[in-house]
There are 2 protein chains.
Amino acid sequence: MAPSVLERRAGLLEAADRVVQREGPAASMNLIAAEAGITKPILYRHFGDKGGLYRALAARHTEALLERLRAALLTRGGLAARTRATVDAYLAAIEERPQVYRFLVQRAAVEEPDVRGDVEGFVRRFGDELAAGIRSEPSLQGIDETRATVWAQGIAGMVQATGDWWLDHPEVPRATVVEELSALLLAGFDLR
Amino acid sequence: MAPSVLERRAGLLEAADRVVQREGPAASMNLIAAEAGITKPILYRHFGDKGGLYRALAARHTEALLERLRAALLTRGGLAARTRATVDAYLAAIEERPQVYRFLVQRAAVEEPDVRGDVEGFVRRFGDELAAGIRSEPSLQGIDETRATVWAQGIAGMVQATGDWWLDHPEVPRATVVEELSALLLAGFDLR
DNA sequence: GACAGTAGGTTACCGCGGGTAACACCATTG
DNA sequence: CAATGGTGTTACCCGCGGTAACCTACTGTC
């Protein structure tokens, strides 16, 4: 029987995912179409343009990752535990799927800021999530709004950049990176 | 009289610079050649490939920026003053030339890791510089080697990401961003 | 002065990526 | 039996990075 349009779309995303897994940021529309066993125009009918497919793909992984991060942000045991868990969640995710990670970050960097807020790069969304986490953090109640935002964006970038660096220095254990970053941040949080 | 090959090269870089100023990351070899009043093959004779031109261009700005950062890292008046000065130097630089900044960051993100250490992305170099700064920081003597490196890469990313965000939020004064980031970092440094 | 060599430049092309127009093949439905 | 619409394809356009081949004008040398 004929698959519904949504099933179709899901299947295409599946294929795109496999290509990204293999090729990282070099995943092209041609490759993806080939992997899905169809031709380009179909892809374009479904996703509009490469940006559209990127967004659909990013939404998937970003959502999944944000889910993990949200969970980490809710870790019980105090701010220190939450901080470590969150940093660790991020690093664990990029360790599991470095190619996907590279794809997300790179596309986010390259994608022009279409309608600001629509694409909203990967790191930026991470930052937004962190900002929410910070604002609802019990031990940080009453934190200045701007401070929360700036910190969140900064921390997102810090974790991301360190992650990048770490991908090239696998000799450093994940736990070490987590510990160093968390230590730096936790002391800062003490300012309130 | 005929300009020497180095003068020529400098002139080409000058032209490339103007294009980047105008076009940001969209600067293409065609555009640059046109701006210089010549054709592509000449560019390629001088720089090998786009990566080569990118490196030459990046070297310019990176060197200039690193120079400012080094100066900031030597600010007298203690760690707090140095931290603020360094963060401020970075933000001031991207404020002055946002297009150039975008170009540098984006190219660094996209450029594949040729011979690791040759290209070495923009943020990475910033990180290296910071690492040196941290290691030679009087009040941080004896800091663990790995910690210094991780912190440096992380801080570089933090400042960069915040800078990105700030470019889209000009309503926040630079001084505020500097203050918030510095506060967060300085508390962390207290750990030693 | 005629000639070769070479530096400096150009035209015209290749391959590939994103993106699209136009056409072909069914199926349904009046 | 049309006519209609969804699904697919082929074949193309453009611009980018990159290069081969050629063209030109200045130099030195016999």
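Letters A, B, ... are given to chains in the order of the sequence lines, protein chains preceding strands, and every chain is numbered from 1. The basis for the numbers below is simple: all heavy atoms, side chains too, and nothing from hydrogens, waters or symmetry mates.
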Side-chain N or O of B/T39 closer than 4.0 Å to phosphate OP1/OP2 of C/dG9: no
Any pair counted as salt bridge (Lys or Arg N to Asp or Glu O under 4.0 Å), so long as it reaches residues 41-54 of chain B, sequence neighbours left out: none
By side-chain contact (heavy atoms from CB on, under 4.5 Å) - contacts of B/L13 (at least two apart):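 Result, side-chain contact (heavy atoms from CB on, under 4.5 Å) vs B/L13: B/F47, B/A56, B/L57, B/R60.
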4.5 Å side-chain heavy-atom contact, B/R18 and B/I32: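 No - every pair of side-chain heavy atoms lies 4.5 Å or more apart.
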Within residues 60-98 of chain B or reaching into it, pairs that qualify as ring-ring contact (aromatic ring centres under 6.0 Å, His included) - sequence neighbours excluded: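 As it turns out, the ring-ring contact (aromatic ring centres under 6.0 Å, His included) pairs with a partner in residues 60-98 of chain B, which skip direct neighbours, are B/Y90-B/F126.
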Can you tell me how far [atom2] of [N] sits from [atom1] of [X], to the nearest Å?
X     : N      : atom1 : atom2 : result
A/R8  : D/dG6  : CZ    : P     : 15 Å
B/F47 : D/dT19 : CZ    : P     : 15 Å
B/I32 : D/dC16 : CD1   : P     : 11 Å
B/I38 : C/dA7  : CD1   : P     : 18 Å
B/H46 : C/dG9  : NE2   : C1'   : 11 Å

Contacts of B/R135 that satisfy salt bridge (charged side-chain N to carboxylate O under 4.0 Å, His left out) - sequence neighbours left out: B/E145
Those residues that, when tested against B/D88, pass salt bridge (charged side-chain N to carboxylate O under 4.0 Å, His left out) (two or more places apart):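 Partners of B/D88 by the salt bridge (charged side-chain N to carboxylate O under 4.0 Å, His left out) criterion, ordered by chain and then number, come out as B/R174.
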Test ring pair (Phe, Tyr, Trp, His ring centres under 6.0 Å) applied to A/Y101 - qualifying residues, sequence neighbours left out: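 So A/Y101 forms no ring pair (Phe, Tyr, Trp, His ring centres under 6.0 Å) with any residue.
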Pairing residues for A/W165 by the ring pair (Phe, Tyr, Trp, His ring centres under 6.0 Å) criterion, not counting sequence neighbours: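 So A/W165 forms a ring pair (Phe, Tyr, Trp, His ring centres under 6.0 Å) with A/H169.
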For DNA chain D, the residues among residues 10-18 of chain B that have a non-hydrogen atom under 4.0 Å from it: none
Protein-to-nucleotide contact annotation, 5' to 3' order, nucleotides 12-26 of chain C [B base; S sugar-phosphate only; - none; under 4.0 Å, heavy atom]: -----SBBBB-----
A/T86 side-chain N/O to A/R82 backbone N/O, donor-acceptor pair under 3.5 Å: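 Side chain of A/T86 to backbone of A/R82, a donor-acceptor pair under 3.5 Å: yes, one is there.
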Estimated bend of the helix from C/dG1-D/dC30 to C/dG30-D/dC1 (axis per five terminal pairs, rounded to 10 degrees): 40°
Those residues that, when tested against B/E67, pass side-chain hydrogen bond (donor to acceptor under 3.5 Å, both in side chains) (two or more places apart):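 B/E67 satisfies side-chain hydrogen bond (donor to acceptor under 3.5 Å, both in side chains) with B/R70 only.
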Partner residues of A/E63 under the side-chain hydrogen bond (donor to acceptor under 3.5 Å, both in side chains) criterion, sequence neighbours left out: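 With neighbours one apart ignored, the set is A/R125.
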